Amino acid sequence: MVLYNFTLSTPPTTSIKVKFTTYHFNTQAITHPHPRSNSKNTHIYCMCFCNPYICEHKLKTMIKITLPDGSIREFEKGATPMDVAKNISEGFARNVISASFNNTTIETTTPLETDGSLTLYTWNDTEGKKAFWHSTSHVMAQALEELYSGIKLTLGPAIDNGFYYDVDFGDHKITEADFKKIEDRVLEISRGKHEFKMRSVSKADALVMYKDNEYKTELISNLEDGTITFCDHSTFTDLCRGGHIPNTGIIKAMKIMSVAGAYWRGDEKNKQLTRVYGTSFPKQKDLTDYLELLEEAKRRDHRKLGKELELFAFSQKVGQGLPLWLPKGAALRDRLEQFLKRAQKKAGYEQVVTPHIGQKELYVTSGHYAKYGADSFQPISTPAEGEEFLLKPMNCPHHCEIYNTKPWSYKDLPKRYAEFGTVYRYEQSGELHGLTRVRGFTQDDAHIFCTPEQLDEEFKKVIDLVLYVFGSLGFENFTAQVSVRDLDNPDKYIGSVENWEKAEQAIINAAKDKGLNYVIESGEAAFYGPKLDFMVKDALGRSWQLGTIQVDYNLPERFDLTYKGADDKLHRPVMIHRAPFGSMERFIAILLEHTAGKFPLWLMPEQAIILSLSEKYENYAKKVLNLLENDEIRALIDNRNETIGKKIRDAEMQKIPFMIIVGEEEEKNGTISIRRHGQEGKGNATVTIEEFVSIVNEEISKTLKVFTV
Ligand SMILES: [Zn+2]
Ligand SMILES: [Zn+2]
């Protein structure tokens, strides 16, 4: 029994003593006028004994809801995320499809019982899409159950761009021919605007419900009684943790993308199920756009373009995940390397070269061996001495040893060592993918060793370089993420608090100073230092992480790096790892998909192709080629005995930016006819060689600027 004192502020103002008992808390709360105050909303508000009267009124506790913008609104305890959305605006509420409370996904109808942070999601948020797709997987499961009797449902999560459901179809077999009828049924159910409702179920009841489904039985068996929930909509029920859209009515477009085999729980010893992949959207047009995007992505697949443009290849004999760069690809890489080397030279970097292997001890010192040793390529040992070497997984330890070759004074710093260093990392064969996941790749690596005071300036300089790279290669759309410590877990990090504060501030200052569009993510820093990542959006709207700048307090410690300070004492330098491209392989893959192979003119393997109208003009074609080469324009001659139409079509396929056509007229006047790639029907322009050279140079100068510091 608890005694409370309440003061009624509405007239008549009296002080009343109320006694709460458990019994009264259990009673259904009722809102009714307070017996002595005429007001319905008088505050006290519970089942209580008031004086001689038994006054039963609701305990209206208010809760404070913090929204993502930091604003706080008060609601009655029990308000739902949808109530909060409506309180913000009715228009906004119509778009809200899911919610999270204190970082846990909840339903938009879940009553909020405590103070906390609420995030409301719409279709435009990743979390909103996840709820949308997960909810559609329930509807698809319902449709499948209706269409194929006796099937057993297992798991149906949301994934990137959609969802899947793993189903034991028993004797049924589904093929592409079945997709349409499933899709139609999903949309028919959706139109019923069925609400998704969560309910708790005891373990015993849950097991009864799924007594004929060994998969769900296994899932339920691993859950604790009291934590099991079902989700109901329409006539369908599924075991589910939650996170749904308000009702099925907002699913307006749905498509089954494919079916594939999938072992139960991913274990090949288990039964093979059928994984049905689907996607869905709130508008038909969104689905149409998505399917078009997929087609375009297929056309731009770097593996396909790499083959067509003869840039790189793989050989089973050489080994999977080990790209072979063909002449045109090697030339492309070389141009990218030269481009960055020129800028780096201006930025004060010095090139170094280190071997492809290093003694095991080197990576024991760096800590890489302890962390990755078992899951990587195993040591190579020498036949006689029994020395052990590892394929180089990172260049940093080597660069630390370069730093250690002589003593440094603070006046010598910063030292900036750059290397296009090839490293080898083991990836499982199933993980390998074109040039984006390989086992051997070349990083455009560099390590900067500086004093803590220089960090600010160095960071800004690295950002300048990264922005220069993005600008020259046509990546205009990017954001940055600053990853800092989790202040609640200080033990996770090495290095002094003072240094961390300095470094985090240096990164934030640099990001601000350079006008970056950045977010700060706490707890995302590596244990050895904070970092800045760039997320670049490509032409298809996909995000790629490019250009990480990482501060490191760990390796200087492990390699005992020092410099003599102004105080004549030895100090630890700070190390910055940075790679604007990341790796040449991955960068070229992204660039291929971003540009569809139409690289900026300065980077194209061939900038022009000379097509002679017949053999008679071959000498003139050679003369043109010579003149272009004198002006450093990369060109070649197509002197095959083919029609000009065929030669043009092939040059178009090769995506060569300029076609130069030479015939009688041109030879007579000392001119050339030029035609741009992808602009058939626009007619050819007749120009002199000098004019053509300036057209090319002018276009190059639009994207490729000179790097200045
Ligand atoms: Zn669910
Ligand atoms: Zn490094």
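Just so it is clear, the structure is predicted and the values come from calculations on it, not from any experiment. In listed order, ligands and their atoms are each counted from 1.
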Student: Please confirm if an N, O or S atom belonging to H138, backbone or side chain, lies less than 2.8 Å from the Zn ion (ligand 1).
Tutor: yes
Student: Are K460 and D456 within salt-bridge range, i.e. N to O under 4.0 Å?
Tutor: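 Between D456 and K460 there is a salt bridge, with a charged N closer than 4.0 Å to a carboxylate O.
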Student: What is the number of protein N/O/S atoms located under 2.8 Å from the Zn ion (ligand 2)?
Tutor: 3
Student: Can the positive tip of R199 be found less than 6.0 Å from the middle of the six-membered ring of F230, inside 45° of the ring normal?
Tutor: no
Student: Quick one: report the N, O or S atom of H134 that is nearest to the Zn ion (ligand 1).
Tutor: NE2
Student: Just checking K130: does its NZ atom have more than 12 heavy atoms from other residues, nucleotides or ligands closer to it than 6.0 angstrom?
Tutor: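 Counting neighbours around NZ of K130, 12 or fewer heavy atoms of other residues, nucleotides or ligands fall under 6.0 Å, so no.
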Student: Between F470 and F534, is the gap from one ring center to the other below 6.0 Å?
Tutor: yes
Student: Salt bridge between R265 and E218, side-chain N to carboxylate O under 4.0 Å?
Tutor: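 Counted as a salt bridge, because a side-chain N and a carboxylate O are separated by less than 4.0 Å.
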Student: Among W500, F527, Y528, find the one that has a ring pair (Phe, Tyr, Trp, His ring centres under 6.0 Å) with Y493.
Tutor: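 Checked W500, F527, Y528 against Y493; only one passes ring pair (Phe, Tyr, Trp, His ring centres under 6.0 Å): W500.
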Student: Say you draw a straight line from NZ of K371 to OG of S366; how long is it, rounded to the nearest 0.5 Å?
Tutor: 11.5 Å
